[in-house]
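Take a look at the structure set out below.
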Number of protein chains: 2
Amino acid sequence: MTAAGDTRQRILESARDLIYSQSYADAGVAAICERAGVRKGSFYHFFPSKRELTLAVLDDFRTDLETELWGRAFAPDAPVLERFERFVEILYRQQKAVAEEAGRLLGCPFGNLGVELATRDEVIRQKVDGIFRDLEAYFREALEVSAAADELKQVDTAATAEAMLAFLEGILLMAKTRNDPEIIRRLGPAVGDILILAEDS
Amino acid sequence: MTAAGDTRQRILESARDLIYSQSYADAGVAAICERAGVRKGSFYHFFPSKRELTLAVLDDFRTDLETELWGRAFAPDAPVLERFERFVEILYRQQKAVAEEAGRLLGCPFGNLGVELATRDEVIRQKVDGIFRDLEAYFREALEVSAAADELKQVDTAATAEAMLAFLEGILLMAKTRNDPEIIRRLGPAVGDILILAEDS
DNA sequence: ATGATAGTTGACCGGTTGGTTAAGTGCAAA
DNA sequence: TTTGCACTTAACCAACCGGTCAACTATCAT
């Protein structure tokens with residue numbers, strides 16, 4: 001334990017900020033250490049490699065977003081359609097706030113790392129994939145509530161959840177490429193249009 | 001002119017392959033040169049910088065995809081809905097073929113570079129954005145044909161085109177992260193579900 | 001034959017990359 | 001008081017990064 005004992009946490013936060021606002025490749029270990037006020041040796045005392053650090057960063061993002069975004073949006077105190085609207089609204093506000101602070105819209109930390117590293121690092125690819133699957137589960141469970149109420153259509157809730165997540169990831173990709181948060185507000189509500197029926201319906 | 005005269009083209013193709021299959025950061029100038037069978041000095045005779053090379057690569061991808069994908073899918077010989085289905089089908093086949101050749105699903109070259117560099121290189125960000133806008137125009141024009149026939153609804157064709165592109169980019173992002181082309185076939189057809197109405201409808 | 005020029009070559013540059021190492025320092029348990 | 005271990009420090013590493021350069025060659029019009 002350090003006197004302060006927060007060295008690992010400072011490295012993690014520094015890495016979060018730098019990797020998210022730049023990219024995996026652009027965020028060097030030296031820069032991460034400098035921002036954290038830590039020597040490189042300490043860094044490698046807590047993390048065996050930059051890749052392991054990145055996996056920890058992904059876990060950290062997941063934990064935060066699960067409480068601040070997914071959990072909040074999908075709290076069962078609102079009708080299902082409203083939950084998705086809430087998700088989009090929180091997403092918009094959060095991306096806008098981050099964009100104002102960082103000067104640029106940064107998009108989805110999972111999507112960013114997935115796109116950058118999926119072809120180059122199998123471990124990180126699987127990590128991002130797992131996070132996506134977890135998020136999909138939130139979507140799917142909400143859809144199942146809705147599908148049970150509306151018995152006429154045989155909704156493929158898994159596929160629809162997948163498609164909704166894809167749509168939102170695509171919106172964040174476009175918003176980042178256009179550096180414009182309003183895209184989220186303009187396109188986001190259409191997430192409710194998406195519906196994939198089961199084969200044997 | 002060289003005896004062969006194809007040096008520039010070979011560099012371009014090598015860069016296309018490496019940047020697409022890896023990433024901007026991972027595709028080094030030395031590796032691009034080696035694959036093209038060219039010395040580094042020749043590289044910098046034809047391209048002033050790696051960034052300029054990347055802009056040329058983006059133009060090259062655009063030219064190819066405009067004839068092989070957009071132009072083919074949106075040829076006016078089919079009903080509008082069928083054109084989008086055709087787009088998805090070509091996308092699926094192409095991504096599957098590339099995935100089998102490269103060993104990994106590679107996704108959208110524009111989306112990949114947009115996500116990786118939007119926050120770090122304003123010129124490339126604008127380039128990718130411009131390509132997205134061009135592609136959106138294909139979508140929008142098709143939607144306008146459809147909207148004219150169906151006069152009941154006041155469709156916001158620009159926003160709907162934007163949303164459809166976002167959805168497809170998101171599908172490619174997920175397909176890459178999951179390394180599975182079937183996602184494209186499973187989710188792609190839902191692109192027809194998306195519809196954004198004009199404010200004053 | 002000559003001069004101009006497009007293209008090529010390979011050595012070279014300073015800076016940075018992720019990662020290592022040996023020598024400490026400070027605290028906690030025995 | 002001593003031992004042990006978590007943690008820190010700063011110097012160091014080979015490999016690689018994007019980019020430069022002066023010298024060279026092949027091809028062209030004159």
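As the structure is a prediction and not an experimental result, all values here were calculated from the model. Quick note on labels: first sequence line is chain A, next is B, and so on, each numbered from 1.
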Quick one: label B/Gly41 by what it contacts on the DNA or RNA (base, sugar-phosphate, nothing), any heavy atom closer than 4.0 Å. base

Whole angstroms only, please: what is the [atom1]-[atom2] distance between [X] and [N]?
X	N	atom1	atom2	value
B/Tyr44	D/dA22	OH	P	17 Å
A/Asp26	C/dG15	CG	P	19 Å
B/Phe43	D/dC17	CZ	P	13 Å

Partners passing side-chain contact (heavy atoms from CB on, under 4.5 Å) against A/Glu82 (at least two apart in sequence or in another chain):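 With sequence neighbours excluded, A/Glu82 shows a side-chain contact (heavy atoms from CB on, under 4.5 Å) to A/Ala78, A/Pro79, A/Glu85, given in chain and number order.
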
Kindly confirm or rule out a cation-pi arrangement of B/Arg16 over B/Phe61, judged by NZ or CZ under 6.0 Å from the six-membered ring centre and within 45° of its axis?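 Relative to the ring axis of B/Phe61, which defines the angle, B/Arg16 lies inside both limits.
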
Face-on cation placement of B/Lys50 at B/Phe43 ring, 6.0 Å and 45° thresholds: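 Geometry flag: not set, cation outside 6.0 Å or 45°.
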
Under the 3.5 Å rule, do the base of C/dG10 and the side chain of B/Lys40 count as making a donor-acceptor pair?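 It does not, because no donor-acceptor pair links the side chain of B/Lys40 to the base of C/dG10 below 3.5 Å.
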
Can you give me the closest heavy-atom contact between B/Ser49 and B/Tyr44, atom names plus distance? CA-CE2, 4.0 Å

State which of C/dA6, D/dT9, C/dG18 makes the closest approach to the side chain of B/His45. C/dA6

Look at the side chain of A/Ala30 and decide which nucleotide, out of D/dT8, D/dG18, C/dT17, has an atom nearest to it. C/dT17

OP1 or OP2 of D/dA10 versus the side-chain N and O atoms of A/Arg39: is any pair under 4.0 Å? yes

Please confirm whether the shortest side-chain N or O distance from B/Thr7 to OP1 or OP2 of C/dT8 is below 4.0 Å.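 So the side chain of B/Thr7 is within the cut-off, an N or O lying under 4.0 Å from OP1 or OP2 of C/dT8.
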
What residues form a salt bridge (Lys or Arg N to Asp or Glu O under 4.0 Å) with A/Glu136, not counting sequence neighbours? B/Arg178

When rounded to the nearest 0.5 angstrom, what is the spacing between CG in B/Leu65 and SG in B/Cys108? 7.5 Å

Under 4.0 Å, heavy atom to any atom of DNA chain D: which of residues 47-60 of chain B qualify?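 Residues of residues 47-60 of chain B under 4.0 Å from DNA chain D: B/Ser49, B/Lys50.
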
